[in-house]
Amino acid sequence: MRRARVELGASLQTRAAMLDIQLLRKDLAQVAQRLAARDITLDSARFEALEGERKAIQVHTQELQAKRNQLSKQIGMAKGKGEDTSALMAEVGGLGDELKAAEERLAAIQEDLSAMLLTLPNLPHESVPAGRDDKDNEEVRRWGTPREFPYPPLDHVDLGENLEMLDFPTAVKLTTSRFVLMRGQLARLHRALAQFMLDVHSREHGYEEVYVPYLVNADSMRGTGQLPKFEEDLFKLSNGLYLIPTAEVPVTNIVRDEILPADNLPIKLVAHTPCFRSEAGSYGKDTRGMIRQHQFDKVEMVQFVKPEDSYAALEELTGHAEDILQRLGLPYRVVALCAGDLGFSSAKTYDLEVWLPGQNTYREISSCSNFEAFQARRMQARYRTEKDGKPGKPELLHTLNGSGLAVGRCLVAVLENYQNPDGSVTIPEVLRPYLGGLERIARR
RNA sequence: GGAGAGGUGGCAGAGUGGUCGAAUGCACCGGAUUCGAAAUCCGGCAUAGUGCUUGCACUAUCGGGGGUUCGAAUCCCCCCCUCUCCGCCA
């Protein structure tokens, strides 16, 4: 049965649906209500109409397929015994057109349903604050006290350029705007930050360090939800591969199409990678300095956990990112994103915002999210529990990730918070071992 | 870039048009045997979806897509990937 083959169910689940379609069938009202918190209106009537039609046609299609299979089997048996098969052939032949029509119809409806489900973001967790945009985000806690400056503090651009270590014009010459060239001790400090973060997470927080590809295929981008909705934010190469916008993509997709033994969980991975973002639609935003670049480095933490552990894991992971800021002595606050400000795939997100004296404000430096089973469902990333020594059914695991931290923005924060009146910058103590004991960066 | 080989269940590996969702082996689980273990024997052991009388039935899946046929893992077309050799190369 190759002709007009219909992918029943499986495709709907693996390639399209990110929300649990079972939940939509069982409790559509609840889904609609929880999506409303994100300002998304679910067309319930349309879903029910499509779903009703899908059910009727699928049953009909499967009945025809069963009949066809049964008759074909009989033909095989009859031929084996050398009997006449013309009567059976005639009977099964009559099914052809009807079956083909039913299969095509079913495929079309599955596609409509998929297209509809693809547009739906994850459901916010019950603990997520209500709200429409970033103004409704909830500050959870603050750490550290912003330093008082007896003079107007410089921002990182002035500091870096005065040091002759931060060079935007040359970067433009080499490529385009939104890239940067760092030199000397500043480049070294940037590297030290990444090393420091990687070391703390891998040695003290229990993460396994991984080195990953920076180019990935479309399946990986779909797995974590960058595709199909956010293609314009990505850099695509002529051979169809994409530059990663975050290590989340290659690291999380490690478990795509895998069934892990429950004993292996939780799995905690950390990677340092460059990240590439086209920043389409952000023209005119943060054009000055290193805050918003096409290329930046990030240390990313990823966890794969059992569903019952994922909210504890989110707190833990957020704490790991906070620990970096604390060791660096950088004041920050933790913000719980409101429902309307959540990323597409996230059920709950904490942003860490670091204090930037040059801007006299807190700026995002980390984002820690629990995706629950949303990404796992797309990736078919599962684990299997043993019950009484017997292997149980595979279940979707929960995925989380968080920046620990964005290296470029962290460099900005160090420059601005540790600046001295003479334009030099003191090196935070924890970084000095990475810089051969260097205590301050000054103009040569 | 050139030449060749190949993609089948957790793994290895048969299967070239018909009771094939797929032999066999390994691994794994249960039972028998044993004081216990090993060995041996017996049985079980993919994923997803749909329906309902929730335990059964049905459907789909042998790299992906399309085609031929009453019927495809098996035949045809396109694509992807892996491996080997050569070339190039950090």
Side-chain angles (χ1 to χ4, degrees), chain A residues 1-18 20-26 50-100 102-107 109-111 113-114 117 211 213-223 237-242 253 255-264 373 376-397:
Chain A
M1 204 275 298
R2 282 295 182 75
R3 180 179 46 212
R5 207 185 120 254
V6 178
E7 296 202 24
L8 299 171
S11 76
L12 195 65
Q13 198 67 6
T14 55
R15 248 169 267 147
M18 292 173 69
D20 184 2
I21 193 165
Q22 306 289 0
L23 184 63
L24 273 89
R25 286 176 186 147
K26 215 165 35 186
L50 283 172
E51 178 55 19
E53 203 176 347
R54 186 230 97 226
K55 189 186 275 195
I57 293 172
Q58 183 164 350
V59 169
H60 181 58
T61 305
Q62 292 191 347
E63 278 170 358
L64 289 172
Q65 287 172 330
K67 195 166 175 190
R68 189 268 328 272
N69 289 348
Q70 195 190 333
L71 287 170
S72 292
K73 205 166 254 185
Q74 285 176 22
I75 291 171
M77 286 190 278
K79 282 205 167 176
K81 293 183 212 153
E83 295 167 1
D84 175 54
T85 57
S86 55
L88 286 167
M89 297 275 266
E91 193 180 351
V92 78
L95 291 175
D97 288 345
E98 194 184 357
L99 180 56
K100 189 176 179 184
E103 283 172 340
E104 282 171 357
R105 188 84 190 287
L106 182 58
I109 285 174
Q110 300 275 38
E111 200 146 309
L113 266 173
S114 298
L117 288 163
Y211 174 85
Y214 303 155
L215 301 179
V216 300
N217 57 32
D219 281 342
S220 294
M221 287 295 184
R222 268 192 287 274
L237 277 63
S238 56
N239 64 359
L241 295 178
Y242 297 85
N253 275 281
V255 297
R256 173 154 51 88
D257 295 322
E258 298 290 333
I259 300 175
L260 308 167
D263 292 347
N264 289 15
R377 187 170 297 111
R378 276 205 151 183
M379 294 193 297
Q380 284 299 295
R382 291 165 294 174
Y383 71 101
R384 197 194 295 276
T385 317
E386 299 233 330
K387 279 177 189 160
D388 310 320
K390 287 180 186 167
K393 267 188 89 76
E395 295 177 61
L396 294 171
L397 44 77

Protein-nucleotides 11-14 of chain B N/O pairs closer than 3.5 Å?
none

Separation between CG of A:L397 and CE of A:M379, rounded to the nearest 0.5 Å: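 The distance works out to 7.0 Å.
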Spacing of CD belonging to A:Q380 relative to CD belonging to A:E258, to within rounding of 0.5 Å: 12.0 Å
Rounding to an integer number of angstrom, what distance separates [N] and [M] when you compare their [atom1] atoms?
N: B:rG9; M: B:rA57; atom1: C1'; result: 23 Å
N: B:rC41; M: B:rC80; atom1: C1'; result: 46 Å
N: B:rG36; M: B:rG31; atom1: P; result: 13 Å
N: B:rC20; M: B:rU68; atom1: P; result: 26 Å
N: B:rC62; M: B:rG13; atom1: C1'; result: 13 Å
N: B:rG67; M: B:rU61; atom1: P; result: 14 Å
N: B:rG10; M: B:rA22; atom1: P; result: 15 Å
N: B:rG15; M: B:rG6; atom1: P; result: 12 Å

To the nearest Å, give me how far apart [atom1] ([X]) and [atom2] ([N]) are.
X: A:Q58; N: B:rG49; atom1: CD; atom2: C1'; result: 6 Å
X: A:I57; N: B:rG49; atom1: CD1; atom2: C1'; result: 16 Å
X: A:R256; N: B:rU47; atom1: CZ; atom2: P; result: 20 Å
X: A:D257; N: B:rG7; atom1: CG; atom2: P; result: 20 Å
X: A:Q62; N: B:rC58; atom1: CD; atom2: P; result: 11 Å
X: A:Q380; N: B:rA48; atom1: CD; atom2: P; result: 7 Å
X: A:M379; N: B:rA48; atom1: CE; atom2: P; result: 15 Å
X: A:Y383; N: B:rU47; atom1: OH; atom2: P; result: 15 Å

Write out a two-atom table: protein N or O, nucleotide N or O from nucleotides 15-22 of chain B, distance below 3.5 Å.
from, atom 1, to, atom 2, distance (Å)
B:rG18, O6, A:K79, NZ, 3.1
B:rG18, N2, A:S72, O, 2.9

Which residue lies more 5' along RNA chain B, comparing A:A66 with A:K55 via nearest heavy atoms: A:K55
First encountered from the 5' end of RNA chain B, between A:R382 and A:K67: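 With A:K67 and A:R382 compared, the 5'-side residue is A:R382.
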Under 3.5 Å: donor-acceptor pair, side chain of A:R222, backbone of A:R378: no
Compare all side-chain heavy atoms of [X] with those of [Y] and state whether any distance is below 4.5 angstrom.
X: A:L117; Y: A:I21; result: yes
X: A:L95; Y: A:L71; result: yes
X: A:E63; Y: A:K67; result: no

CZ (A:R382) with more than 12 external heavy atoms under 6.0 Å: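 For A:R382, atom CZ is crowded (more than 12 foreign heavy atoms under 6.0 Å).
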Flag if over 12 foreign heavy atoms under 6.0 Å of CG, A:N239: yes
Dot-bracket encoding per residue of RNA chain B, Watson-Crick/G-U cut-off under 3.5 Å, | denoting interstrand: ((((((((.[[[..)..(.....]]].(((((.......))))).(((((((..))))))).[[[[[..)....]]]]])))))))....
Heavy-atom closest contact (A:A102 atom, A:L64 atom, distance):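 Minimum heavy-atom contact is CB-CD1, 4.2 Å.
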For the student: nearest non-hydrogen atoms of A:T61 and A:L99, plus distance: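 Residues A:T61 and A:L99, closest heavy atoms: O-CD1, 4.0 Å.
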Phosphate OP1/OP2 of B:rU69 contacted by A:R68 side-chain N/O (<4.0 Å):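 A:R68 to B:rU69 OP1/OP2: no side-chain N or O under 4.0 Å.
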A:R54/A:E51 salt bridge by N-O under 4.0 Å criterion: yes
Proximity to the side chain of A:N69 - top-ranked nucleotide from B:rG51, B:rA48, B:rA60: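 Of B:rG51, B:rA48, B:rA60, B:rA60 is nearest to the side chain of A:N69.
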Worked check of side-chain contact (heavy atoms from CB on, under 4.5 Å) between A:V92 and A:I75: CA-CA 10 Å; A:V92 78; A:I75 291 171; 4.1 Å; yes
Check: A:N69/A:S72 side-chain N/O donor and acceptor closer than 3.5 Å: no
